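In this text the structure is predicted, and so the values were computed from the model without any measurement. All values below were derived from every heavy atom in this structure, side-chain atoms included, with hydrogens, water molecules and symmetry-related copies excluded.
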Amino acid sequence: MIISWNTTNKCNMYCKHCYRNSGIRAKEELSTEEGKLLLDEIVKAGFKIMIFSGGEPLMRPDIYELVEYASEIGLRPVLGSNGTLITLEVAKKLKDAGAMGIGISLDSLNTKKHDNFRNYSGGWHKAVMGMRNCREAKLPFQVHTTVMDWNKNEILDITDFAVDIGAVAHHVFFMVPTGRGLNIEDEALSKEEYEKTLKNIMLKQKEVSIELKPTCAPQFMRIAAENGVKTRFRKGCLAGTAYCIISPTGNVQACAYLDMPIGNVRKIPFSDIWNDNLILKKLRTLDYKGKCGICNYKKTCGGCRARAAFYNNEDPMAEDIWCLYSNVEAENIGNG
(Lines give C-alpha, C1' and ligand atoms only; values in the text may rest on other atoms or scores of the structure.)
Protein backbone atom coordinates (compact mmCIF):
# COMPACT_ATOMS: atom_id res chain seq x y z
CA MET A 1 0.00 0.00 0.00
CA ILE A 2 1.13 3.51 -0.84
CA ILE A 3 0.45 6.79 0.96
CA SER A 4 1.43 10.35 0.15
CA TRP A 5 1.81 13.18 2.63
CA ASN A 6 1.93 16.74 1.29
CA THR A 7 4.44 17.77 3.95
CA THR A 8 4.15 21.48 3.11
CA ASN A 9 2.26 23.80 0.80
CA LYS A 10 5.39 25.89 0.38
CA CYS A 11 6.97 25.70 -3.07
CA ASN A 12 9.50 27.64 -5.12
CA MET A 13 7.37 27.07 -8.22
CA TYR A 14 3.83 28.05 -9.20
CA CYS A 15 2.89 25.26 -11.60
CA LYS A 16 -0.17 25.79 -13.75
CA HIS A 17 -1.65 22.37 -12.98
CA CYS A 18 -0.96 22.11 -9.22
CA TYR A 19 -3.81 20.27 -7.47
CA ARG A 20 -2.70 21.64 -4.10
CA ASN A 21 -2.47 25.28 -5.26
CA SER A 22 1.00 25.34 -3.72
CA GLY A 23 3.15 28.41 -3.27
CA ILE A 24 3.16 29.81 0.24
CA ARG A 25 3.28 27.77 3.42
CA ALA A 26 -0.17 26.86 4.72
CA LYS A 27 -1.23 27.98 8.18
CA GLU A 28 -0.93 25.34 10.89
CA GLU A 29 0.94 22.70 8.90
CA LEU A 30 1.67 19.52 10.84
CA SER A 31 4.68 19.94 13.12
CA THR A 32 7.64 17.58 13.30
CA GLU A 33 6.17 15.75 16.28
CA GLU A 34 2.73 15.57 14.68
CA GLY A 35 4.41 14.25 11.55
CA LYS A 36 6.11 11.48 13.49
CA LEU A 37 2.85 10.53 15.18
CA LEU A 38 1.26 10.42 11.74
CA LEU A 39 4.02 8.14 10.47
CA ASP A 40 3.40 5.81 13.43
CA GLU A 41 -0.29 5.71 12.50
CA ILE A 42 0.57 5.02 8.87
CA VAL A 43 2.56 1.97 9.94
CA LYS A 44 -0.32 0.89 12.18
CA ALA A 45 -2.68 1.09 9.20
CA GLY A 46 -0.45 -1.28 7.22
CA PHE A 47 1.13 1.02 4.66
CA LYS A 48 4.61 0.28 3.31
CA ILE A 49 5.58 3.00 0.80
CA MET A 50 5.67 6.53 2.22
CA ILE A 51 5.75 9.38 -0.31
CA PHE A 52 6.88 12.74 1.04
CA SER A 53 5.55 15.36 -1.36
CA GLY A 54 4.41 18.97 -1.34
CA GLY A 55 4.45 21.72 -2.41
CA GLU A 56 8.14 21.08 -2.52
CA PRO A 57 9.11 18.75 0.35
CA LEU A 58 12.74 19.92 0.29
CA MET A 59 11.51 23.32 1.49
CA ARG A 60 10.51 21.74 4.78
CA PRO A 61 13.50 22.10 7.17
CA ASP A 62 12.84 18.85 9.02
CA ILE A 63 12.42 16.68 5.91
CA TYR A 64 15.60 14.68 6.58
CA GLU A 65 14.48 13.98 10.15
CA LEU A 66 11.07 12.82 8.94
CA VAL A 67 12.57 10.61 6.22
CA GLU A 68 14.96 9.07 8.72
CA TYR A 69 12.15 8.40 11.20
CA ALA A 70 10.01 6.80 8.51
CA SER A 71 12.88 4.51 7.60
CA GLU A 72 13.51 3.60 11.24
CA ILE A 73 9.91 2.45 11.81
CA GLY A 74 9.87 0.22 8.74
CA LEU A 75 8.42 2.43 6.01
CA ARG A 76 10.00 2.76 2.57
CA PRO A 77 10.45 6.56 2.23
CA VAL A 78 10.46 8.17 -1.20
CA LEU A 79 9.93 11.76 -2.32
CA GLY A 80 8.18 13.68 -5.07
CA SER A 81 10.07 16.82 -6.03
CA ASN A 82 10.45 19.40 -8.78
CA GLY A 83 14.17 18.66 -8.59
CA THR A 84 15.46 22.22 -8.55
CA LEU A 85 16.78 22.06 -4.98
CA ILE A 86 18.59 18.74 -5.29
CA THR A 87 22.24 19.61 -5.01
CA LEU A 88 24.75 16.78 -4.64
CA GLU A 89 24.83 17.48 -0.91
CA VAL A 90 21.03 17.25 -0.67
CA ALA A 91 20.99 13.98 -2.63
CA LYS A 92 23.60 12.48 -0.30
CA LYS A 93 21.76 13.67 2.81
CA LEU A 94 18.51 12.13 1.57
CA LYS A 95 20.23 8.83 0.88
CA ASP A 96 21.95 8.89 4.28
CA ALA A 97 18.58 9.60 5.93
CA GLY A 98 17.15 6.45 4.36
CA ALA A 99 15.36 7.74 1.27
CA MET A 100 14.86 4.91 -1.21
CA GLY A 101 14.12 7.05 -4.24
CA ILE A 102 12.81 10.34 -5.57
CA GLY A 103 10.51 11.35 -8.40
CA ILE A 104 11.60 14.46 -10.34
CA SER A 105 9.23 16.36 -12.62
CA LEU A 106 10.14 16.98 -16.26
CA ASP A 107 7.31 17.93 -18.59
CA SER A 108 9.11 18.60 -21.85
CA LEU A 109 12.47 18.28 -23.56
CA ASN A 110 11.97 21.89 -24.61
CA THR A 111 13.34 24.00 -21.76
CA LYS A 112 11.00 26.93 -22.45
CA LYS A 113 7.87 24.75 -22.46
CA HIS A 114 8.82 23.09 -19.16
CA ASP A 115 9.71 26.38 -17.49
CA ASN A 116 6.51 28.03 -18.74
CA PHE A 117 4.36 25.20 -17.39
CA ARG A 118 6.14 25.40 -14.06
CA ASN A 119 6.34 29.21 -13.97
CA TYR A 120 10.00 28.99 -13.06
CA SER A 121 12.87 30.30 -15.17
CA GLY A 122 15.75 27.82 -15.31
CA GLY A 123 13.62 25.04 -13.86
CA TRP A 124 14.42 22.54 -16.62
CA HIS A 125 18.19 22.81 -16.19
CA LYS A 126 17.98 22.62 -12.40
CA ALA A 127 15.68 19.58 -12.54
CA VAL A 128 18.06 17.75 -14.88
CA MET A 129 21.00 18.69 -12.67
CA GLY A 130 19.04 17.29 -9.74
CA MET A 131 18.73 14.00 -11.61
CA ARG A 132 22.45 13.92 -12.27
CA ASN A 133 23.17 14.65 -8.61
CA CYS A 134 20.92 11.76 -7.57
CA ARG A 135 22.73 9.49 -9.98
CA GLU A 136 26.10 10.49 -8.55
CA ALA A 137 24.86 10.00 -4.99
CA LYS A 138 23.42 6.59 -6.00
CA LEU A 139 19.95 7.71 -4.96
CA PRO A 140 17.46 6.04 -7.35
CA PHE A 141 15.27 8.53 -9.19
CA GLN A 142 12.44 8.44 -11.67
CA VAL A 143 11.09 11.00 -14.09
CA HIS A 144 7.56 12.35 -13.65
CA THR A 145 5.75 13.94 -16.59
CA THR A 146 2.31 15.51 -16.68
CA VAL A 147 0.91 14.90 -20.16
CA MET A 148 -1.05 17.71 -21.83
CA ASP A 149 -2.16 18.39 -25.38
CA TRP A 150 0.98 20.44 -26.03
CA ASN A 151 3.48 17.76 -24.96
CA LYS A 152 1.68 14.50 -25.81
CA ASN A 153 3.94 13.90 -28.80
CA GLU A 154 7.05 14.16 -26.60
CA ILE A 155 6.17 11.50 -24.03
CA LEU A 156 8.07 8.62 -25.63
CA ASP A 157 11.07 10.87 -26.28
CA ILE A 158 11.06 11.82 -22.59
CA THR A 159 11.09 8.08 -21.83
CA ASP A 160 14.23 7.74 -23.94
CA PHE A 161 15.71 10.72 -22.09
CA ALA A 162 14.89 9.05 -18.77
CA VAL A 163 16.67 5.88 -19.89
CA ASP A 164 19.73 7.82 -21.04
CA ILE A 165 20.06 9.86 -17.84
CA GLY A 166 19.82 6.79 -15.61
CA ALA A 167 16.26 6.95 -14.24
CA VAL A 168 14.72 3.75 -12.91
CA ALA A 169 11.24 4.65 -14.14
CA HIS A 170 9.14 7.12 -16.09
CA HIS A 171 5.73 7.84 -14.59
CA VAL A 172 3.28 9.76 -16.77
CA PHE A 173 0.54 11.71 -14.98
CA PHE A 174 -2.79 12.40 -16.66
CA MET A 175 -4.27 15.61 -15.26
CA VAL A 176 -7.62 15.68 -13.50
CA PRO A 177 -9.00 19.25 -13.31
CA THR A 178 -8.40 20.06 -9.64
CA GLY A 179 -6.81 23.06 -7.93
CA ARG A 180 -5.09 25.28 -10.47
CA GLY A 181 -5.66 22.55 -13.04
CA LEU A 182 -9.24 23.81 -13.33
CA ASN A 183 -7.86 26.80 -15.22
CA ILE A 184 -6.26 24.67 -17.94
CA GLU A 185 -8.85 21.93 -18.38
CA ASP A 186 -8.98 22.73 -22.09
CA GLU A 187 -5.29 21.75 -22.39
CA ALA A 188 -5.92 18.20 -21.18
CA LEU A 189 -6.09 15.34 -23.65
CA SER A 190 -9.31 14.47 -25.46
CA LYS A 191 -10.75 11.01 -24.85
CA GLU A 192 -9.32 9.77 -28.13
CA GLU A 193 -5.84 11.20 -27.39
CA TYR A 194 -6.02 9.73 -23.90
CA GLU A 195 -6.58 6.22 -25.26
CA LYS A 196 -3.95 6.61 -27.98
CA THR A 197 -1.33 7.95 -25.57
CA LEU A 198 -1.91 5.12 -23.12
CA LYS A 199 -1.47 2.57 -25.89
CA ASN A 200 1.74 4.24 -27.08
CA ILE A 201 3.15 4.16 -23.54
CA MET A 202 2.28 0.49 -23.06
CA LEU A 203 3.82 -0.49 -26.40
CA LYS A 204 6.91 1.53 -25.48
CA GLN A 205 7.22 -0.59 -22.34
CA LYS A 206 8.12 -3.53 -24.59
CA GLU A 207 11.14 -1.58 -25.87
CA VAL A 208 12.69 -0.23 -22.64
CA SER A 209 13.95 -1.83 -19.47
CA ILE A 210 12.80 0.90 -17.07
CA GLU A 211 9.29 0.90 -15.62
CA LEU A 212 6.61 2.94 -17.40
CA LYS A 213 3.57 3.79 -15.31
CA PRO A 214 0.59 5.92 -16.33
CA THR A 215 -0.94 7.58 -13.26
CA CYS A 216 -4.56 8.71 -12.93
CA ALA A 217 -5.18 6.65 -16.06
CA PRO A 218 -6.22 3.21 -14.78
CA GLN A 219 -7.27 2.07 -18.25
CA PHE A 220 -3.60 1.31 -18.84
CA MET A 221 -4.26 -2.05 -17.17
CA ARG A 222 -6.77 -3.00 -19.87
CA ILE A 223 -4.55 -1.69 -22.64
CA ALA A 224 -1.56 -3.60 -21.26
CA ALA A 225 -3.61 -6.81 -21.25
CA GLU A 226 -4.91 -6.19 -24.77
CA ASN A 227 -1.37 -5.73 -26.08
CA GLY A 228 0.42 -8.44 -24.15
CA VAL A 229 2.41 -6.04 -21.99
CA LYS A 230 3.57 -7.43 -18.67
CA THR A 231 3.26 -5.14 -15.66
CA ARG A 232 3.84 -5.62 -11.95
CA PHE A 233 0.74 -3.57 -11.12
CA ARG A 234 -2.47 -5.29 -10.09
CA LYS A 235 -4.96 -2.42 -10.21
CA GLY A 236 -5.18 0.90 -12.01
CA CYS A 237 -7.01 3.20 -9.58
CA LEU A 238 -5.95 2.67 -5.97
CA ALA A 239 -7.95 5.54 -4.47
CA GLY A 240 -9.20 4.51 -1.04
CA THR A 241 -8.27 0.86 -1.53
CA ALA A 242 -4.46 0.87 -1.39
CA TYR A 243 -3.69 4.59 -1.53
CA CYS A 244 -4.65 7.89 0.02
CA ILE A 245 -3.14 11.32 0.57
CA ILE A 246 -2.78 13.66 3.53
CA SER A 247 -2.64 17.45 3.21
CA PRO A 248 -0.09 19.72 4.95
CA THR A 249 -2.69 20.46 7.65
CA GLY A 250 -3.76 16.84 8.15
CA ASN A 251 -6.82 16.44 5.93
CA VAL A 252 -7.16 12.97 4.41
CA GLN A 253 -8.41 12.35 0.87
CA ALA A 254 -8.82 9.08 -1.03
CA CYS A 255 -6.56 10.54 -3.71
CA ALA A 256 -4.94 13.84 -4.61
CA TYR A 257 -7.47 14.67 -7.32
CA LEU A 258 -10.57 13.50 -5.47
CA ASP A 259 -11.15 16.80 -3.70
CA MET A 260 -13.24 15.34 -0.88
CA PRO A 261 -11.66 15.53 2.62
CA ILE A 262 -12.84 12.62 4.75
CA GLY A 263 -11.26 13.44 8.11
CA ASN A 264 -8.35 15.18 9.81
CA VAL A 265 -5.54 13.34 11.59
CA ARG A 266 -5.48 15.97 14.35
CA LYS A 267 -9.01 14.98 15.30
CA ILE A 268 -9.12 11.28 14.39
CA PRO A 269 -6.13 8.90 14.37
CA PHE A 270 -5.19 8.16 10.79
CA SER A 271 -5.48 4.39 11.26
CA ASP A 272 -9.10 4.87 12.36
CA ILE A 273 -9.86 7.03 9.33
CA TRP A 274 -8.32 4.44 7.03
CA ASN A 275 -10.13 1.50 8.59
CA ASP A 276 -13.52 3.03 9.41
CA ASN A 277 -14.34 5.89 7.04
CA LEU A 278 -17.58 5.23 5.17
CA ILE A 279 -16.42 6.78 1.87
CA LEU A 280 -13.32 4.60 1.85
CA LYS A 281 -15.42 1.55 2.65
CA LYS A 282 -17.71 2.41 -0.26
CA LEU A 283 -14.76 2.73 -2.65
CA ARG A 284 -13.58 -0.71 -1.56
CA THR A 285 -16.85 -2.34 -2.59
CA LEU A 286 -16.05 -1.66 -6.28
CA ASP A 287 -19.81 -1.14 -6.64
CA TYR A 288 -19.40 1.31 -9.50
CA LYS A 289 -22.21 2.80 -11.53
CA GLY A 290 -22.72 2.85 -15.28
CA LYS A 291 -20.32 1.02 -17.57
CA CYS A 292 -17.61 0.81 -14.88
CA GLY A 293 -19.99 -1.36 -12.85
CA ILE A 294 -20.44 -3.99 -15.56
CA CYS A 295 -16.94 -3.86 -17.03
CA ASN A 296 -14.98 -7.09 -16.74
CA TYR A 297 -11.89 -5.01 -16.13
CA LYS A 298 -13.32 -3.25 -13.07
CA LYS A 299 -11.15 -5.23 -10.65
CA THR A 300 -7.92 -4.45 -12.50
CA CYS A 301 -8.82 -0.96 -13.79
CA GLY A 302 -11.54 0.50 -11.58
CA GLY A 303 -11.84 3.67 -13.64
CA CYS A 304 -10.43 6.94 -12.35
CA ARG A 305 -12.51 7.67 -9.27
CA ALA A 306 -11.43 11.34 -9.22
CA ARG A 307 -12.34 11.88 -12.86
CA ALA A 308 -15.62 10.04 -12.31
CA ALA A 309 -16.48 12.36 -9.43
CA PHE A 310 -15.45 15.51 -11.31
CA TYR A 311 -17.73 14.80 -14.27
CA ASN A 312 -20.61 13.27 -12.26
CA ASN A 313 -21.62 15.72 -9.53
CA GLU A 314 -18.89 14.63 -7.07
CA ASP A 315 -19.98 10.99 -7.07
CA PRO A 316 -16.79 8.89 -6.72
CA MET A 317 -18.69 5.70 -7.60
CA ALA A 318 -19.91 7.01 -10.97
CA GLU A 319 -18.58 5.75 -14.28
CA ASP A 320 -15.36 7.17 -15.71
CA ILE A 321 -16.67 8.91 -18.83
CA TRP A 322 -13.13 9.36 -20.16
CA CYS A 323 -12.94 5.67 -21.02
CA LEU A 324 -13.78 4.71 -24.61
CA TYR A 325 -14.19 1.03 -23.80
CA SER A 326 -17.81 0.01 -24.49
CA ASN A 327 -20.11 -2.14 -22.37
CA VAL A 328 -20.56 -4.61 -25.25
CA GLU A 329 -16.79 -5.12 -25.47
CA ALA A 330 -16.63 -5.48 -21.71
CA GLU A 331 -19.22 -8.23 -21.72
CA ASN A 332 -17.66 -10.13 -24.62
CA ILE A 333 -13.89 -9.79 -24.17
CA GLY A 334 -13.32 -10.17 -20.46
CA ASN A 335 -9.93 -9.92 -18.87
CA GLY A 336 -7.97 -11.28 -21.82
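- Both cation-pi conditions hold for Arg180 and Tyr14: the charged atom is under 6.0 angstrom from the six-membered ring centre and inside a 45 degree cone around its axis.
- Between atom CG of residue Asp287 and atom NZ of residue Lys282 there is a gap of 8.0 Å, rounded to the nearest 0.5 Å.
- Other residues, nucleotides and ligands contribute at most 12 non-hydrogen atoms within 6.0 Å of the CG atom of Asn313.
- When atom types are taken as modelled, the side chain of Asn151 and the backbone of Val147 share no donor-acceptor pair closer than 3.5 angstrom.
- Lys199 NZ: 12 or fewer foreign heavy atoms inside a 6.0 Å radius.
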Side chain to side chain contact (heavy atoms under 4.5 Å, CB included), that's the test. Do Phe310 and Glu185 meet it? Break it down for me. CA-CA 12 Å; Phe310 181 81; Glu185 182 184 357; 3.8 Å; yes

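- Using modelled atom types, no side-chain atom of Lys92 and backbone atom of Lys138 make a donor-acceptor pair closer than 3.5 Å.
- The pair Arg222-Glu195 counts as a salt bridge, with a side-chain nitrogen and a carboxylate oxygen less than 4.0 angstrom apart.
- The closest side-chain heavy-atom distance from Leu58 to Leu79 is below 4.5 Å.
- Under the 4.5 Å side-chain heavy-atom criterion for Ile, Leu, Val, Met, Phe, Trp and Tyr, Phe117 and Met13 are members of distinct hydrophobic clusters.
- Using a 4.5 Å heavy-atom threshold, the side chains of Cys18 and Asn21 count as separate.
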Verify side chain to side chain contact (heavy atoms under 4.5 Å, CB included) between Asn82 and Ile104, making sure each step is shown before the conclusion. CA-CA 5 Å; Asn82 61 44; Ile104 299 175; over 6 Å; no

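- Residues Leu182 and Thr178 have side chains not in contact (no heavy-atom distance under 4.5 Å, counting atoms from C-beta outward).
- From Ile3, atom CD1 reaches atom CD1 of Ile246 across 3.5 Å, with rounding to the nearest 0.5 Å.
- A salt bridge between Glu65 and Lys36 is present, with a side-chain N of the basic residue lying under 4.0 Å from a carboxylate O of the acidic one.
- Remark: the backbone N or O of Ala188 is not paired with any side-chain donor or acceptor of Asp149 at under 3.5 angstrom.
- Under a cut-off of 6.0 angstrom, the local environment of NZ in Lys16 is crowded, with over 12 non-hydrogen atoms contributed by other residues, nucleotides or ligands.
- A salt bridge links Asp62 to Arg60: one of the charged nitrogens lies within less than 4.0 Å of a carboxylate oxygen.
- Counting heavy atoms of neighbouring residues, nucleotides and ligands inside a 6.0 Å radius, atom CD of Glu192 exceeds 12 of them.
- Between Trp5 and Phe52, the angle of the ring planes lies from 30° to 60°, which puts this pair in the tilted group.
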Could you give me the CA-CA distance, side-chain angles and deciding distance for Tyr64 and Asp96, then say whether side chain to side chain contact (heavy atoms under 4.5 Å, CB included) is met? CA-CA 9 Å; Tyr64 305 103; Asp96 290 344; over 6 Å; no

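- Side-chain contact between Ile201 and Ile155: present, with at least one pair of heavy atoms (C-beta onward) separated by less than 4.5 Å.
- Between Arg266 and Glu34, at least one side-chain N (NZ, or NE/NH1/NH2) sits under 4.0 Å from a carboxylate O, which counts as a salt bridge.
- Note on Trp124: it does not cluster hydrophobically with Tyr120, by side-chain heavy-atom contacts below 4.5 Å among ILVMFWY residues.
- Following chains of ILVMFWY side-chain contacts shorter than 4.5 Å, one cannot reach Phe141 starting from Met129, and the two form parts of different hydrophobic clusters.
- Atom-to-atom distance recorded for Gln219:CD and Glu226:CD is 10.5 Å, nearest 0.5 angstrom.
- Taking 4.0 Å as the cut-off between side-chain N and carboxylate O, Asp320 and Lys291 do not count as a salt-bridged pair.
- Ring geometry for Trp322 versus Tyr311: interplanar angle under 30°, hence parallel rather than tilted (30 to 60°).
- The only option from His171, Gln205, Gln142, His170 that meets the side chain to side chain donor-acceptor pair (under 3.5 Å) definition with Glu211 turns out to be His171.
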Working for side chain to side chain contact (heavy atoms under 4.5 Å, CB included), residues Glu56 and Ser22: CA-CA 8 Å; Glu56 173 50 56; Ser22 297; over 6 Å; no

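- Salt bridge present: Lys204 and Glu207 bring a charged side-chain N and a carboxylate O closer than 4.0 Å.
- To the nearest 0.5 Å, atoms CD1 (Ile158) and CD1 (Ile165) are separated by 12.0 Å.
- With hydrophobic clusters built from ILVMFWY side chains whose heavy atoms lie under 4.5 angstrom apart, Val168 does not share a cluster with Val172.
- Separation of the Phe174 and Tyr194 ring centroids falls under the 6.0 Å cut-off.
- Closest approach of Gly101 to Leu139, counting heavy atoms only: N-CD1, 4.0 Å.
- Residues Glu193 and Ser190 have side chains that bring a donor and an acceptor to within less than 3.5 angstrom of each other.
- In this model, no donor atom of one side chain and acceptor atom of the other lie less than 3.5 Å apart for Gln253 and Ser247.
- In this structure, SG in Cys244 is found 11.0 Å from CG in Leu238, a value given to the nearest 0.5 Å.
- Between the side chains of Thr249 and Glu28, no donor-acceptor pair of N or O atoms lies under 3.5 Å.
- Ring-plane geometry between Phe270 and Phe47 is classed as tilted, the angle between the planes lying from 30 to 60 degrees on a 0 to 90 degree scale.
- Geometrically, Arg305 does not engage Tyr257 in a cation-pi contact defined by less than 6.0 Å to the ring centre and at most 45° from the axis.
- Note on Met148: it does not cluster hydrophobically with Leu106, by side-chain heavy-atom contacts below 4.5 Å among ILVMFWY residues.
- Residues forming a side-chain contact (heavy atoms from CB on, under 4.5 Å) with Glu29 (at least two apart in sequence, or on another chain): Thr8, Asn9, Arg25, Ala26, Pro248.
- Atom NZ of Lys10 has 12 or fewer neighbouring heavy atoms from other residues, nucleotides or ligands inside a 6.0 Å radius.
- The distance from the OG1 atom of Thr84 to the CE atom of Met59 is 8.0 Å, given to the nearest 0.5 Å.
- Between Asp107 and Arg118 a salt bridge is recorded (basic side-chain N to carboxylate O distance below 4.0 Å).
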Kindly determine whether Asn6 and Tyr19 satisfy side chain to side chain donor-acceptor pair (under 3.5 Å), including the steps that lead there. CA-CA 11 Å; Asn6 297 134; Tyr19 65 83; 3.1 Å; yes

